[in-house]
Amino acid sequence: MTTVRTAIVIGGGIAGPVTALALRRAGITATVHEAYPTTTSGIGGTLALAPNGVAALRTVGAAEAVTAIATPIERSVMAVGRRRIDLPTLAGVPPLRVVHRAELHRVLHDRAVAEGVPFAYGRRLVDAEQTESGVTARFEDGSTATADILIGADGIRSTVRGLIDPAAPGPRFTGLLSFEAVARHEVDVEPGTMTFAFGRRGYYLYWPEPGGGTRWGANLPQQRPMSMVEARAVPAAQWLETLRASYGDDDPGRELMATSNADELQVVGSLQIMPPVPHWHRGRMVLVGDAVHAPSNSSGQGASLAIESAVQLARCLRDLPDVASAFAAYERLRRARVEKVAARAARINHAKAPGPVARTLMPLLMPLLTRTAMDPEKTVAHEQRYVIDWDAPVTAEPALR
């Protein structure tokens, strides 16, 4: 039985509220501290929740509310030029769910508040001081908070990661800029179908939007990384013209860009990933979610892995007698899994901007690839069928790899 009774959670995005909910089920009181002055509103694009992520949400009682606002994807198709090939699906698992990030934030926040989790806004962490009995967080506004532990769920540019290890690596640029919008153009595919398209100058994906139109996301190759602030400083109309020029030779890319409005364009900025983080915890501070593992969006697992880690951290804190053993067990349970997913996603990223020779060969190789290298039983079964047994006790023994 743990001696931990209270926790400070830094970050109110996805991992933060789930961590607080899971801790509450473990008998630990957590307060979420968010740097922004309010909950997010309309910020960010669409993300995917894999079956394993939804299963982890079920542990904290949030699965039903999240799936109610999500769109199920029952079928996936790969397109190169005019060639369309159905991608094999993993049998016996629920569909992928796509959901707007801001809506997911709202649902998780509301669920946590309903469970009695307090949120403090305008609390930007600047430092933390540890003692033998606790940790005190210091915020930019001069306020402080003290608890038994501090959990960094503060995203890919985590302040807590730097406090744990000042030499920790930061995020790396994938070479791709990301955009999203809903086009007025209706694609001729059945609802619940996601198409991964390799255009002449860039990669994009799309699916029918419930209620009409087609939601699309585009990844343009980019030599120089741009932050979200830099990317959004460029007028959206200018970005849309770039996208229309880039996808003007593609079908339906041309129609998707032509029937999208600049004022509805989501400019996400450079896609970034986290390289392996050497130190997940130090003393009474620990990392969870994107702060410690952020695979490329190509994985379809970023949010799901963050949710899983939140639940596993709470289990470890519930069952092990001290902070050091709990944090060590948590890392053992998670590191190999998340780094394996990140490695798979990195391989996919290399295929998102194929050269002319690769584009010529892809239609010829796709049927073979779907039967071999893209066999879901070999590539994603271990990811998507993963279910955390909340009731099983965690021990200090190394996890099986």
Side-chain angles (χ1 to χ4, degrees), residues 11-22 34 39-76 89-90 93-114 153 155-156 178-183 189 191-196 204-219 228 264-268 271 289-290 294-311 341 345 380 383-384 386:
I14 295 171
V18 177
T19 300
L21 280 166
E34 169 57 50
T39 56
T40 57
S41 177
I43 296 174
T46 300
L47 55 80
L49 283 174
N52 50 289
V54 176
L57 283 174
R58 195 168 294 115
T59 302
V60 296
E64 186 175 341
V66 170
T67 55
I69 61 167
T71 300
I73 300 298
E74 307 278 357
R75 174 180 173 231
S76 297
T89 57
L90 188 64
V93 298
L96 184 76
R97 309 275 178 168
V98 289
V99 60
H100 197 282
R101 183 181 295 273
E103 284 295 291
L104 180 59
H105 285 178
R106 178 185 60 78
V107 167
L108 294 176
H109 167 271
D110 291 352
R111 180 65 188 179
V113 169
I156 201 165
S178 183
F179 305 87
E180 183 181 320
V182 176
V189 298
T193 300
M194 181 178 287
T195 302
F196 302 91
Y204 63 108
L205 75 165
Y206 56 89
W207 63 91
E209 179 78 347
T214 304
R215 185 172 291 275
W216 58 266
N219 292 160
M228 185 183 293
E264 297 175 358
L265 182 68
Q266 288 278 353
V267 183
V268 180
L271 294 177
D290 284 357
S296 162
N297 67 336
S298 304
S299 71
Q301 282 285 348
S304 296
L305 291 179
I307 294 164
E308 284 182 3
S309 288
V311 173
V341 172
V380 298
E383 297 175 11
Q384 296 191 12
Y386 182 88

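The structure presented is a predicted model; accordingly, all values stated were derived computationally and were not measured. All residue numbers in this chain count up from 1 along the given sequence.
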Side-chain contact test, heavy atoms from C-beta onward, threshold under 4.5 Å: evaluate it for E209 versus T214 and give yes or no. no
Pairwise side-chain contact, T46 with T71, heavy-atom cut-off 4.5 Å (strictly under): no
At their closest point, which heavy atom of P295 faces which heavy atom of G302, and how far apart are they? CG-CA, 4.0 Å
Closest heavy-atom pair and its distance - G11, P17: O-CD, 4.4 Å
Between atom CD of E383 and atom CG of L305, what is the distance when rounded to the nearest 0.5 Å? 7.5 Å
Look up atom CG in L104 and atom CG in L47, then write down how far apart they are to the nearest 0.5 Å. 5.5 Å
Taking all non-hydrogen atoms of both residues into account, name the closest pair between G289 and A15 and its distance. CA-CB, 4.2 Å
Expected output: side-chain S309 to main-chain A306 donor-acceptor under 3.5 Å: no
Can you name the closest pair of heavy atoms from A22 and V311 and give their distance? CB-CA, 4.1 Å
For residues P208 and P191, report the shortest heavy-atom separation together with the two atoms involved. CG-CA, 4.1 Å
Test side chain to side chain contact (heavy atoms under 4.5 Å, CB included) on V99 and V107 and set out the steps. CA-CA 11 Å; V99 60; V107 167; over 6 Å; no
Applying side chain to side chain contact (heavy atoms under 4.5 Å, CB included), run through R111 and V18 and close with a yes or a no. CA-CA 9 Å; R111 180 65 188 179; V18 177; over 6 Å; no
Could you tell me if the side chain of Q301 sits less than 4.5 Å from the side chain of N52, heavy atoms only? yes
Hey, does V98 have a side-chain heavy atom less than 4.5 Å from the side chain of M194? yes
Would Q266 and R101 count as a side chain to side chain contact (heavy atoms under 4.5 Å, CB included) here? Give the steps. CA-CA 12 Å; Q266 288 278 353; R101 183 181 295 273; over 6 Å; no
To the nearest 0.5 angstrom, please state how far the CG atom of L90 sits from the CG atom of L96. 11.5 Å
Can you find a pair of side-chain heavy atoms, one from S178 and one from N219, that are under 4.5 Å apart? yes
Residues T67, L49; criterion side chain to side chain contact (heavy atoms under 4.5 Å, CB included); working and verdict: CA-CA 9 Å; T67 55; L49 283 174; over 6 Å; no
Does a sphere of radius 6.0 Å around CD in E264 hold more than 12 heavy atoms from other residues, nucleotides or ligands, not counting ones at 6.0 Å or beyond? yes
Which pair of heavy atoms, one from T193 and one from W207, lies closest together, and at what distance? O-CB, 3.1 Å
Do V66 and R97 touch side chain to side chain, with heavy atoms closer than 4.5 Å? no
Between I73 and P95, is there a side-chain heavy-atom distance shorter than 4.5 Å? no
Would you call S76 and T89 a side-chain contact if the rule is heavy atoms closer than 4.5 Å? no
Output the distance between atom CD1 (I307) and atom CD1 (I14), rounded to the nearest 0.5 Å. 6.5 Å
